[in-house]
Amino acid sequence: MRAIYPSETCARANPLLMSWMRGLGFDVRAHDSARPRAGDAFMVTEGEGLPAPSNTLVLGEGDERLVIPAADGAPARLSYGRDDMVFGHAFAAALLRGPDAPTAADPHSLALYALAERVAASDITVLINGPTGTGKEVLARHIHATSERRDGPFVAVNCAALPETMLEALLFGHTRGAFTGAAGAAQGFFRAANGGTLLLDEVAEMPLSLQAKLLRALQEREVVPLGATTPEPVDVRVIACANRDLGGEVAGGRFRADLYYRLSVFPLTTTPLADRRQDVAALVATMILRHAAGRPTIPWPTLAALDVLLAHDWPGNVRELENVIQRALLMAPGDRIDAEHIIFDATPRAVAPAAAPAPALAEPTLGNIVKLSEYQAIRETLAQCGGSRTETAKRLGISERTLRYRLAKIRDEGGAIAAPSRSVWA
């Protein structure tokens, strides 16, 4: 994480923001503590001098919502009031992160990236496990960017997307005439990544016949191009990713045990977005800056919109969240993204037999227990308020729109809600 130098005035006026930035892992230094390095960032208040405009964040005063990324040598600008502090802090972190730094705010994610930086200091092979869409490639790129190989190439290969008949030639290269249609020689992905990092995504999809050759390349640090007889040395760090349990694939005879242990020198695991909800606001801020470029005003999400986002289960993980934010930017023409602008991906649902009522708690996981407690609290408060949504939302500290969303969620999952009196619902 890059170092940040706030001015004395800025640090004194924004103690909560300084504490937040340190908690995210930023190296927040006193303005006169050391000589800044190239790429370090600065924070000043409106009216102060700009040490390095393209790397400076100017914080305004007052309650005006404003976020302007740095562009054309001009500094980034940000202002917000206390009511917008959640996304104000998130936007500040997004504006100050380096181009290769990942987005994280949840303690689990911060610990994972800190561990990845320690792994990056060595040159060992890494295996990243985790569900689809949880940021495995982002983590791999972070390892590369914080390693001694950062100036070398980063080559990402999706093993599931390449034709099986061509995978060997694409990985290890081939000579001219090695097969029909090989009009010229090709270096292959291993040699293209020489001096850098090679990411083998969805490595569980690699056919068994090729796994032995990959094992030899990892062990001997050399490859034999298709059609050649002489091995060629390669200096490559390999990071493998899998969305299936490779240990289970080994037990099922679909993956070589020796290759598994060669890849899994240091295993890392990404987790579903639903299990790290403190990342949501940080990711939303980053995605808004990414996809709202060119708009005259960058919209801010409301707390009601955040409530809806936090209540979602995110079966599609970070990829689904990015879809939702892109839709919200399209649906929100003004300067605010509200709950009504949040449209989730349509996901297929299993239809239960008519005679079988939906269970209240399918599995005793922590997420389901929390969800059941939340639903029970909503039911009880609604009953205490005589069915009044307005009063119920006020007591629960959420918006009426968020309450309507969660009531609909309860009904969709087969939960029962006592019907209020006609005067309340009229």
Side-chain angles (χ1 to χ4, degrees), residues 100 119-120 122-129 132 136-244 246 249-250 252-267:
D100 298 317
V119 173
S122 67
D123 212 30
I124 60 177
T125 305
V126 178
L127 174 63
I128 304 176
N129 284 289
T132 298
K136 296 188 291 297
E137 183 170 341
V138 173
L139 183 60
R141 289 184 181 275
H142 183 60
I143 293 172
H144 172 76
T146 53
S147 73
E148 294 296 324
R149 295 178 176 270
R150 66 178 70 90
D151 296 326
F154 179 90
V155 178
V157 181
N158 189 322
C159 298
L162 299 177
E164 183 174 333
T165 54
M166 292 294 295
L167 191 54
E168 180 179 356
L170 290 169
L171 283 176
F172 306 126
H174 61 80
T175 61
R176 183 174 182 271
F179 51 86
T180 302
Q187 63 177 348
F189 292 124
F190 261 91
R191 286 186 287 173
N194 195 51
T197 302
L198 176 64
L199 170 64
L200 298 177
D201 197 8
E202 298 195 50
V203 71
E205 305 299 330
M206 184 174 290
L208 280 167
S209 58
L210 191 56
Q211 291 178 22
K213 296 180 180 179
L214 174 59
L215 176 63
R216 177 172 177 80
L218 294 174
Q219 288 177 334
E220 306 300 329
R221 302 181 73 84
E222 62 183 24
V223 297
V224 180
L226 197 64
T229 56
T230 305
E232 297 193 21
V234 288
D235 175 24
V236 174
R237 180 198 199 136
V238 172
I239 300 178
C241 294
N243 55 21
R244 298 207 304 264
L246 279 190
E249 295 297 298
V250 170
R254 295 178 294 276
F255 202 83
R256 292 179 62 105
D258 47 5
L259 177 58
Y260 168 72
Y261 289 112
R262 175 62 63 177
L263 292 173
S264 187
V265 178
F266 201 100

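For clarity, every value in this text was computed on a predicted model and none was experimentally measured.
- The OG1 atom of Thr132 lies 4.0 Å from the CG atom of Asn243; values are rounded to the nearest 0.5 Å.
- Heavy atoms only, all atoms of each residue included: Pro225 and Glu232 are closest at CG-OE2, 4.2 Å.
- Ion pairing between a basic and an acidic side chain is recognised when a charged N comes within 4.0 Å of a carboxylate O; Glu202 and Arg244 show no such pairing.
- Of all heavy-atom pairs spanning Cys241 and Lys136, the tightest one is SG-CB, 3.9 Å.
- Taking the side-chain contact (heavy atoms from CB on, under 4.5 Å) definition, one finds that Pro267 meets it with Ser264, sequence neighbours left out.
- Residues Ile239 and Leu200 form no side-chain contact, since every pair of their non-hydrogen atoms from C-beta on lies 4.5 Å or further apart.
- You'll find the side chain of Leu198 stays beyond 4.5 Å of the side chain of Phe154, heavy atoms only.
- Taking every heavy atom of both residues into account, His174 and Ala169 meet most closely at CD2-CB, 4.0 Å.
- Between Val155 and Leu199, every side-chain heavy-atom pair lies at or beyond the 4.5 Å cut-off.
- Arg256 places none of its side-chain heavy atoms less than 4.5 Å from the side chain of Val250.
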Legend entry - From CA spacing to verdict: side-chain contact (heavy atoms from CB on, under 4.5 Å), Leu215, Gln211: CA-CA 6 Å; Leu215 176 63; Gln211 291 178 22; over 6 Å; no
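- Residues Leu263 and Leu218 meet the side-chain proximity criterion, which asks for heavy atoms closer than 4.5 Å.
- Evaluation of the ring-ring contact (aromatic ring centres under 6.0 Å, His included) rule for Phe255 yields no partner, not counting sequence neighbours.
- Taking CG of Leu167 as the start and CG of Leu214 as the end, the distance is 9.0 Å to the nearest 0.5 Å.
- Distance check, rounded to the nearest 0.5 Å: CZ of Arg262 to CG of Leu127 gives 13.5 Å.
- Heavy atoms only, all atoms of each residue included: Val203 and Cys159 are closest at CA-SG, 4.2 Å.
- Under the 4.5 Å side-chain criterion, counting only non-hydrogen atoms from C-beta, Leu208 is not in contact with Arg254.
- Interatomic distance, CZ of Arg216 versus CZ of Phe172, reported as 11.0 Å (0.5 Å rounding).
- In this structure a side-chain-to-backbone donor-acceptor pair under 3.5 Å is missing from Arg237 to Thr125.
- Using a 4.5 Å cut-off on side-chain heavy atoms (C-beta onward), Met206 and Leu171 make contact.
- Looking at Val265 and Val126, their side chains never come closer than 4.5 Å, going by heavy atoms from C-beta outward.
- Here the OG1 atom belonging to Thr197 is positioned 10.0 Å from the CZ atom belonging to Arg141, to the nearest 0.5 angstrom.
- Counting all heavy atoms, side chain and backbone alike, His144 lies closest to Gly196 at CE1-CA, 4.3 Å.
- Here Arg149 pairs with Asp123, Asp235 under the salt bridge (Lys or Arg N to Asp or Glu O under 4.0 Å) rule; sequence neighbours left out.
- From Arg150, atom CZ reaches atom OG1 of Thr146 across 7.5 Å, with rounding to the nearest 0.5 Å.
- With Lys213 as the partner, the salt bridge (Lys or Arg N to Asp or Glu O under 4.0 Å) test is satisfied by one option alone out of Glu220, Glu222, Glu168: Glu168.
- Taking each heavy atom of Gly195 and Pro153 in turn, the nearest pair found is C-CD, 4.2 Å.
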